[in-house]
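Structure first, then comments.
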Amino acid sequence: FDRSLEKLKELPAETLDQHRVTLMVNTGLLSDISPGLEKGAEGVGLYRTEIPFIIHESFPTEEEQFRIYRKVLKEFHPRPVTMRTLDIGGDKPLPYFPVEEDNPYLGWRGIRFTLDHPEIFLGQIRAMLRANEGLGNLKMLLPMVSSVDEVDSFFELLRKAFKSLQSEGVVVEKPPVGIMVEVPSTLFLLDYMAWRLDFISIGTNDLTQYLLAVDRNNQSVANLFSRLHPSVVRALNYVSEQAYKHGLDVSLCGELAADPAAVLLLMGMGVKSFSMNAHSLPRIKHVIRSVSHEQAVGLVENALRMQSETEIRQMLNRTLENAG
Ligand code: PEP
Ligand code: MG
């Protein structure tokens, strides 16, 4: 079985009826680069920049960040690398920047933190743009966005970074910019977001946590963290419909992208790109190549009429079994 998965590396992630999707990897460590490439990843769908920050002893300088980002962009070139701006807070505290909060998941996380520290944000944006010089495969992704204002504030900083770099003689290119759809409020803002952005990436880990009010890391409520809860399925379908309507590319970079049953459903909804850990990639490709897109669309229609995750999973598992 493993050997046949190995052979998949060179084959496209395409359904029996020639519907093509893109399979990418999630990384954050330089040591993840070669496993991603070995498994045939078509790029990085989520580069978690907080990881180099967490393993440092103090805030990495712009120069230190530049060197790391440059390496990742170069290794994957010409494939795209989606670099997410710093997403600390919540379950990812910085050892050298302790923050005391009663509700860290509802607190000073992601873009909320970086917008309050423009000097840190600007340094990171500059490091990314410099790393992209002459390569052009950088995509920028904003975490924990909950309002349009945050996106506009980011673009102000991006313009500032552009100006300062140009005056220093750096050749800067505008990278595609997207947001993580992971705070439920963004679901209802996609018509305002669409003209501002080039793509969206659904973060099902946080979206599920916030939609169901279930802490993603609390064992006492782990049984309520239902990845295919009918409300989650409807939310995902709504995002896909909205994105399609507004011509936004949708990708998915939460754990759900490594769940074969869920990928069937998401592909049926129109999600074009899936980003996961390198280890899961061959299996997901195998599943995609064993079904038709038409079948996946039918599964979505059925799932939207179901009342429980159990019922939805049973239907998806039957399909997976029949597909072999
Ligand atoms: C998510 O929230 O689904 C996600 C991919 O980001 P993270 O797990 O880093 O919060
Ligand atoms: Mg998240």
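Since this is a predicted model, take the numbers as computed values, not measurements. In each ligand, atom 1 is the first atom listed, and ligand 1 is the first ligand listed.
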Where does D206 meet ligand 1, judged by heavy-atom distances below 4.0 Å: at the side chain, the backbone, both, or neither? both
Does the side chain of Q209 come under 3.5 Å of the side chain of D206 through a donor N or O and an acceptor N or O? yes
Counting from 1 in the order shown, the ligand 1 atoms closer than 4.0 Å to a non-hydrogen atom of K92 are 7 (P), 9 (O), 10 (O)
Side chains of S164 and R126: do they bring a donor and an acceptor to under 3.5 Å? yes
Decide if atom OH of Y244 counts as having more than 12 heavy atoms of other residues, nucleotides or ligands within a radius under 6.0 Å. no
I'd like the name of whichever of R48, M180, R216 reaches closest to atom 10 (O) of ligand 1 through any heavy atom. R216
Could you check atom 6 (O) of ligand 1 against the protein and tell me its nearest heavy-atom contact, residue, atom and distance included? R84 NH1, 3.0 Å
So if I count the atoms of ligand 1 from 1 in the order they appear, which ones are less than 4.0 Å from some heavy atom of E182? 1 (C), 2 (O)
Classify the side-chain pair H77/E75 by whether it contains a donor and acceptor separated by less than 3.5 Å. no
Which word best sums up how the rings of Y238 and F188 line up, parallel for under 30°, tilted for 30 to 60°, or perpendicular for over 60°? tilted
Tell me which protein heavy atom sits closest to atom 5 (C) of ligand 1, plus the residue, atom name and distance to 0.1 Å. C253 O, 3.3 Å
Atom CG of N317 and atom CE of M315: how far apart are they, to the nearest 0.5 Å? 10.0 Å
Is E182 close enough to the Mg ion (ligand 2) that one of its N, O or S atoms comes in under 2.8 Å? yes
Got a second to check how far R227's CZ is from L207's CG, nearest 0.5 Å? 12.0 Å
If you look at D206, which of its N/O/S atoms is nearest to the Mg ion (ligand 2)? OD2
Number the atoms of ligand 1 from 1 as they appear, then name those within less than 4.0 Å of a heavy atom of L46, with their elements. 5 (C)
